[in-house]
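Everything below concerns the one structure shown next.
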Protein chains: 2
Amino acid sequence: MPDDRWVPPTVLLAVDLVILTLRQSRLQVLLIQRGIEPYRGALALPGGFLSHDKEDLSAAAHRELSEEAGLGPDELHLEQLGFYGAPERDPRGRVVSAAYLAVAPRLPEPVPGTDASRACWMPVTQALAGESNLAFDHAEILTDGIHRAREKLERSALATAFCGPTFTISELQDVYEAVWGVTLDARNFYRKVQSVDGFIVAAGPTRKNVGGRPARLFRPGPRTILHPPMSRPQGPTSQEAT
Amino acid sequence: MPDDRWVPPTVLLAVDLVILTLRQSRLQVLLIQRGIEPYRGALALPGGFLSHDKEDLSAAAHRELSEEAGLGPDELHLEQLGFYGAPERDPRGRVVSAAYLAVAPRLPEPVPGTDASRACWMPVTQALAGESNLAFDHAEILTDGIHRAREKLERSALATAFCGPTFTISELQDVYEAVWGVTLDARNFYRKVQSVDGFIVAAGPTRKNVGGRPARLFRPGPRTILHPPMSRPQGPTSQEAT
DNA sequence: CAAATAGTGTCTGTGAGACACTATCAG
DNA sequence: CTGATAGTGTCTCACAGACACTATTTG
């Protein structure tokens, strides 16, 4: 029990980002090759310390998103993921990471020539393979982020955050299949997304393809909660949270 | 952009607890009347600062749980809930709260004569009523905690954490009804919990009641993920998370 | 025409909602 | 016996899985 003059310890607060997107029908994450110790040269999630005393946590997340990935706050899903003790992460003191999950639409090329040109997209399976090359406890954070994304696809309209402003139903199905690691029946998928009122709404006529019938375009609708939820097939990707 | 000698700002890290239980068939939360400024006299979630530099976050949560509620680490569900910026919470510096969600089984009496005798159980509806008397942003944290509990009842065996080591199916149904704020059909509830293999397993013969047929007793089973999930009726308690 | 992608019709099984029923206790 | 709580039988309807089908494009 501390005495009367006891003051609580302070910690360094870092913000780390799990930025997910879909590329080549695979779920991919943005990683940065570290330029400084510790874990110099290893791959890590984008992140950094608070820039100043009063900086809001979500503001810091958006700042990192912009600095390290060139992603603006628009058309982007960002939510809290959790905090991680990460003891002895840095010689400068006790560090606690506040992790955020971001979901970005398909992007033209890996990363623009931003601050961190060492950023790259990598399939999550590869990032987590082989007991991982990721720095710190970032493998755990990434695992939790993927798990969160999988869960939220069921109950929310998060899937549309993986797509651009307009998308086809096939593209949406692609998101579900890649994130969940399953294959879905097209007929049943159509029926489901169409039947949930306000999930997606028609936008424009059609989009031409390389060959095949043009697909209708949709935009995200006002509904953000899916009720009843999309049903996820019992897959090998079942894990327990927290 | 900070100069070369820039060092990141430090923050005070607090741990706050949303401790839920079921009392008189109502979802209740443990609150503490604050003895010090700020918000002296107001009700607040149990919590406090890290006790020392190396203390693990979940260890701190367990410590608070023991100090302020007299609850040991056994037979108790504890999980991370989120972090909260809580700017200007305390004159001693920038404070960030790490919130945890705890679920405790029915307890004999409100609180043993522990450190904080000013603790009391209160129905969550009352705690959140009237734009709230809760200190800091604790109303928001509590709301998020309730929301999390509601969600996890669907997909996990969290409901058993509200019960003692053994329980009847009626008691389990009571948990679902109180947390979700709905009424469920007993027949369908029976069918569901019995059909999910490993959710609950028979334990001992029966429990006598004040009058009526004795109920069979069950224990929590090995299954922690419910697949397919319990279906929650579309209720007025629908909210969106983070 | 064939190949490719988009989208539909429809059968069937599972499981949830509804609700009337039986079972076993205290008094 | 009555009242109370535990537990069952069973009908119906909504919806997910399966899968064969039609539609519209490029080359």
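Keep in mind that this is a model prediction, so the values were computed, not measured. Lettering of chains follows the sequences in order, A, B, ..., and the numbering in each one begins at 1.
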Inset, instruction - Name the nucleic acid region contacted by A:Arg216, choosing base, sugar-phosphate or nothing; use a 4.0 angstrom heavy-atom cut-off, strictly under. - result: sugar-phosphate
Inset, instruction - Mind running ring-ring contact (aromatic ring centres under 6.0 Å, His included) on A:Tyr176 and A:Phe189 for me, showing each step along the way? - result: CA-CA 10 Å; A:Tyr176 277 90; A:Phe189 187 81; 5.5 Å; yes
Inset, instruction - Check every nucleotide of DNA chain C for an atom under 4.0 Å from a heavy-atom of chain A, then give the first and the last such nucleotide from 5' to 3'. - result: C:dA4 to C:dT10
Legend entry - Atom pair distance, as rounded to whole Å: OH in A:Tyr190 and P in D:dA18: 18 Å
Legend entry - Most 5' of A:Leu217 and A:Asn188 on DNA chain C, judged by nearest nucleotide: A:Leu217
Inset, instruction - Start with the C-alpha gap between A:Ile19 and A:Leu45, add the side-chain angles, then the distance that decides, and say whether side chain to side chain contact (heavy atoms under 4.5 Å, CB included) holds. - result: CA-CA 8 Å; A:Ile19 310 174; A:Leu45 297 174; over 6 Å; no
Inset, instruction - Determine yes or no for a side-chain-to-main-chain donor-acceptor pair under 3.5 angstrom, with A:Thr160 supplying the side chain and A:Pro220 the backbone. - result: no
Legend entry - First of B:Thr168 and A:Pro228 reached from the 5' end of DNA chain D, by closest nucleotide: B:Thr168
Inset, instruction - Would you write the dot-bracket representation of DNA chain C, where each base gets (, ), [, ], | or . depending on whether it forms a Watson-Crick or G-U pair under 3.5 Å and with which partner? - result: |||||||||||||||||||||||||||
Legend entry - Stepwise ring-ring contact (aromatic ring centres under 6.0 Å, His included) check, A:Phe83 with A:Tyr100: CA-CA 9 Å; A:Phe83 40 83; A:Tyr100 279 81; over 10 Å; no
Inset, instruction - Taking all non-hydrogen atoms of both residues into account, name the closest pair between B:Cys163 and B:Leu172 and its distance. - result: SG-CD1, 4.2 Å
Inset, instruction - Can you tell me the distance, in whole Å, between the CD atom of A:Glu177 and the C1' atom of D:dG17? - result: 14 Å
Inset, instruction - May I ask you to say whether A:Arg63 pairs ionically with A:Glu67, meaning some side-chain N is under 4.0 Å from a carboxylate O? - result: yes
Legend entry - B:Leu184 backbone acceptor or donor facing B:Glu177 side chain under 3.5 Å: yes
Legend entry - Heavy-atom donor-acceptor pair, A:Arg26 side chain to A:Ala178 backbone, under 3.5 Å: no
Legend entry - Under-4.0 Å side-chain N/O to phosphate OP1/OP2 contact, A:Lys192 with D:dA16: yes
Legend entry - Atom-pair distance (CE on A:Met230; P on D:dC15), nearest Å: 14 Å
Inset, instruction - Report the residue from B:Asp137, B:Asp144, B:Asp16 that forms a side chain to side chain donor-acceptor pair (under 3.5 Å) with B:Tyr84. - result: B:Asp144
Inset, instruction - Would you classify A:Ser170 as touching base, sugar-phosphate or nothing, given that sugar-phosphate means primed atoms plus P, OP1 and OP2, and contacts are heavy atoms under 4.0 Å? - result: sugar-phosphate
Inset, instruction - Round to the nearest Å and state the distance from A:His227 atom NE2 to D:dA14 atom C1'. - result: 14 Å
Inset, instruction - With B:Leu217 as reference, evaluate B:Ile200, B:Ile169, B:Thr166 under the side-chain contact (heavy atoms from CB on, under 4.5 Å) test and give the passing residue. - result: B:Thr166
Inset, instruction - Spell out, as yes or no, whether a donor-acceptor pair under 3.5 Å connects the side chain of B:Ser195 to the backbone of B:Lys192. - result: yes
Legend entry - Rounded distance (Å) that lies between atom C1' of D:dA16 and atom CD of A:Gln173: 14 Å
Legend entry - Heavy-atom donor-acceptor pair, A:Trp180 side chain to A:Arg150 backbone, under 3.5 Å: yes
Inset, instruction - Using a 4.0 Å heavy-atom cut-off, write out nucleotides 22-27 of chain D from 5' to 3' as B (base contacted by protein), S (sugar-phosphate only) or - (no contact). - result: -BBBS-
Inset, instruction - Can you check whether any acceptor in the base of D:dA16 is under 3.5 Å from a donor in the side chain of A:Asp185, or vice versa? - result: no
Inset, instruction - Report the distance from atom CZ of B:Arg187 to atom C1' of D:dT12, rounded to the nearest whole Å. - result: 15 Å
Legend entry - Closest-nucleotide 5' rank along DNA chain C - winner of B:Ser231 and A:Ala215: A:Ala215
